[in-house]
Amino acid sequence: MSVDIKLEKFSGPLDLLLHLIKSQEMDIYDIRIGEITEQYLAIIDRMKQLDLDVAGEFLLMAAQLIHIKSRMLLPVSEEVSDEEGEDPRAELIKRLLEYQRYKQAGSMFDQMPQLDRDIFLPHDSNSEVFAGTMTHNVDMTISVYQLANAFHMLMNSVKTEVFHEVVRESLSVADYIEKISRRVTEHTRVAFREFFADHCNRAELVVTFLAMLELIRMQAIRIEQVASFSDIWLSRTASTEHIQRLHIDEEVLDYD
Amino acid sequence: MTELKALVEAFLFVSGSPLSIDKLAELAEADKVVIRSVISDLMEQYNASGRGVHLQEVAGGFQFRTNPDLAPGLRRLQKERPAKISPAALETLAIIAYRQPVTRAEIEYLRGVDSGGVMKTLLERNLLRILGKKDVPGRPLLYGTSRFFLEVFGLKDLNDLPTLKEFAALDPDLAEALPLEPNDQ
Amino acid sequence: MTELKALVEAFLFVSGSPLSIDKLAELAEADKVVIRSVISDLMEQYNASGRGVHLQEVAGGFQFRTNPDLAPGLRRLQKERPAKISPAALETLAIIAYRQPVTRAEIEYLRGVDSGGVMKTLLERNLLRILGKKDVPGRPLLYGTSRFFLEVFGLKDLNDLPTLKEFAALDPDLAEALPLEPNDQ
């Protein structure tokens with residue numbers, strides 16, 4: 001028989017078995033189990049020699065074949081036939097028939113004219129993200145999968161961001177002190193919120209806040225709020241020159 | 001009547017997605033029976049040989065689609081080749097189509113191989129949908145085919161799937177196998 | 001010739017934007033003179049009175065457009081066109097579904113962008129409901145999903161939402177993702 005078999009061409013062990021049965025022109029209802037087992041094992045073996053990753057499922061099937069083969073060799077005694085009078089191959093045959101049916105249904109699907117492969121719709125109506133699920137009965141139908149997937153992707157991306165923050169721990173409080181003092185110098189009064197507006201990442205928020213605290217401690221800025229929950233304002237208390245002369249030393253700040 | 005026919009034609013042209021008789025009746029403010037006869041009129045007109053565009057019944061509605069015979073020429077207009085559905089994915093899709101609602105474990109028993117990756121691809125391509133959870137320990141997810149699946153394969157509904165009998169005719173081996181009918185309750 | 005006519009008809013149908021004679025000749029691999037006669041043939045056929053779709057010369061090319069006489073009727077479809085959900089809305093809805101009860105600030109922290117507009121749309125479409133106010137300074141509103149949300153997604157209740165574990169099982173790459181359980185306390 002042909003030695004030139006590649007496992008990856010088969011969608012699974014059942015597919016490989018069907019191929020062997022067909023190429024040996026065997027009757028699927030009367031598989032010559034010894035012959036098939038031998039060939040199957042030879043193929044699996046060769047794959048191993050080639051150091052290919054033989055999927056667990058192929059090995060599992062090999063074990064099942066050996067088991068069936070050994071049961072076929074046992075003389076059919078009365079007691080045994082009472083319990084499992086079935087042909088030891090019966091379960092395998094049933095699975096093979098069932099599998100063959102879906103494999104054929106699959107190739108039939110392949111031959112049916114398919115949207116975007118054989119049949120086309122006007123471009124603007126099939127290019128949108130969820131066009132495929134559009135219906136006119138319900139306002140909108142997206143699948144639960146899309147919903148869960150969206151959340152999942154988001155959580156993953158948030159997580160990666162956190163991870164990156166830790167890695168590039170190069171955000172320096174001193175830099176932020178400088179940034180804030182520059183803005184306070186230019187504008188005299190700046191809303192607290194404004195400093196956080198374009199920072200969506202947590203590390204930057206923290207560093208900005210630390211820098212503010214530092215400036216307050218140095219009495220360079222003042223924080224005020226007119227009423228509870230109204231906007232908080234930062235204003236400059238020291239003179240421009242004073243702020244510019246602030247000598248900011250990372251080591252003195254002692255944030256690591 | 002002529003104006004109604006024109007209106008239905010225009011609705012179908014503009015809509016893009018399949019429109020049901022009910023929806024067309026509502027939109028055109030006409031009786032369903034009349035709409036039905038207008039549709040069959042239009043189908044006769046469009047589905048004559050030699051037309052570039054056909055009117056097809058699909059996923060519970062009607063839709064203008066290109067004539068499948070023109071596929072080779074039309075592919076020139078497509079910028080990207082659509083990702084081909086692999087044999088493994090088609091096989092999995094077939095199991096789900098005929099066996100729905102079905103769990104991943106059932107699919108894997110039938111295929112004899114891990115099917116997580118293939119199912120994820122099918123879900124991403126919107127060919128599957130999750131029908132709920134099975135009432136057994138562990139509450140595994142139940143899968144079925146989506147409405148988009150019907151659109152892609154040009155099926156009216158799940159009963160439009162070829163039945164086992166047609167299969168049996170192709171391959172006598174299968175005649176004795178388990179009955180296989182689309183399971184759509 | 002008949003097949004060429006069908007092909008040109010199909011190209012015009014699929015393209016959406018106007019196609020010039022040159023472009024059509026290139027696509028159909030035919031002579032421009034022949035294309036021109038095919039076009040005038042099609043125009044005669046389509047632009048007869050009582051048709052819903054016309055073939056029109058526009059912006060240096062040819063394009064199928066609805067018959068302007070039908071505009072009043074057609075507007076009914078435009079209004080009813082199912083609004084498509086944007087990726088931003090989907091993401092926001094996903095956060096609310098899995099994290100409810102949740103405040104706008106929490107959503108915006110997770111998404112990293114202002115989400116007011118998207119949330120307004122979701123509220124208008126009846127997919128969200130306000131669950132109350134959070135007992136923290138400022139008493140921000142707490143959002144959750146509505147009963148209609150369950151209907152749209154075919155869920156019995158919130159426990160029916162798939163957990164991340166179930167998706168992680170489909171794809172080993174996802175196995176390390178954060179544990180995700182519907183948060184329904």
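Below, read A as the first sequence line, B as the second, and so on, with proteins coming before strands; counting in each chain starts at 1.
No side-chain donor-acceptor contact under 3.5 Å links A/Y102 and B/R111.
B/E124 CD: more than 12 foreign heavy atoms inside a 6.0 Å radius. With a 6.0 Å radius and a threshold of 12 heavy atoms from other residues, nucleotides or ligands, B/R36 has its CZ atom at or below the threshold.
For the atom pair OG1 (B/T66) and CG (A/L115), the distance works out to 8.5 Å, reported to the nearest 0.5 Å. Taking CZ of B/F153 as the reference point, atom CE of A/M108 lies at 9.0 Å (rounded to 0.5 Å). Note: A/D110 CG to B/L93 CG = 11.0 Å, rounded to the nearest 0.5 Å.
Using a 4.5 Å heavy-atom cutoff, the side chains of A/M112 and B/L155 are in contact. When side chains are defined from C-beta on, A/F109 counts as touching B/F149, because their heavy atoms get closer than 4.5 Å. Residues A/R117 and B/I85 form no side-chain contact, since every pair of their non-hydrogen atoms from C-beta on lies 4.5 Å or further apart. Here the side chains of A/I119 and B/Q56 are in contact, with some heavy-atom distance below 4.5 Å.
A donor-acceptor pair is defined here as one N or O able to donate and one able to accept, closer than 3.5 Å; such a pair exists between the side chain of A/R95 and the backbone of B/Y109. Checking side-chain atoms of A/E57 against main-chain N and O of B/D114 turns up a donor-acceptor pair under 3.5 Å.
Closest of all the heavy-atom pairs between A/S11 and B/V113 is O-CG1, 3.4 Å. Here the closest heavy-atom approach between residue B/A94 and residue A/G106 is recorded as CB-N, 3.8 Å.
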side-chain contact (heavy atoms from CB on, under 4.5 Å) assessment of A/F120 paired with B/R65:
CA-CA 6 Å; A/F120 303 93; B/R65 308 182 142 208; over 6 Å; no
Evaluate the salt bridge (Lys or Arg N to Asp or Glu O under 4.0 Å) criterion for residues B/E91 and A/R101: first the C-alpha distance (whole Å), next the side-chain angles of each, then the deciding distance (0.1 Å), finally the verdict.
CA-CA 9 Å; B/E91 180 181 299; A/R101 180 181 309 161; over 6 Å; no
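The residue among B/L127, B/I95, B/V118 with the most heavy atom pairs within less than 4.5 Å of chain A is B/I95. Of the listed residues (B/H54, B/Q63, B/R125, B/E108), the greatest number of heavy-atom pairs within a distance under 4.5 Å of chain A belongs to B/Q63. Residue with the most contacts toward chain A among B/A89, B/G60, B/G112: B/G112 (heavy-atom pairs, distance under 4.5 Å).
Both the backbone and the side chain of B/P68 come within contact range of chain A, each with at least one heavy atom under 4.5 Å from a heavy atom of that chain.
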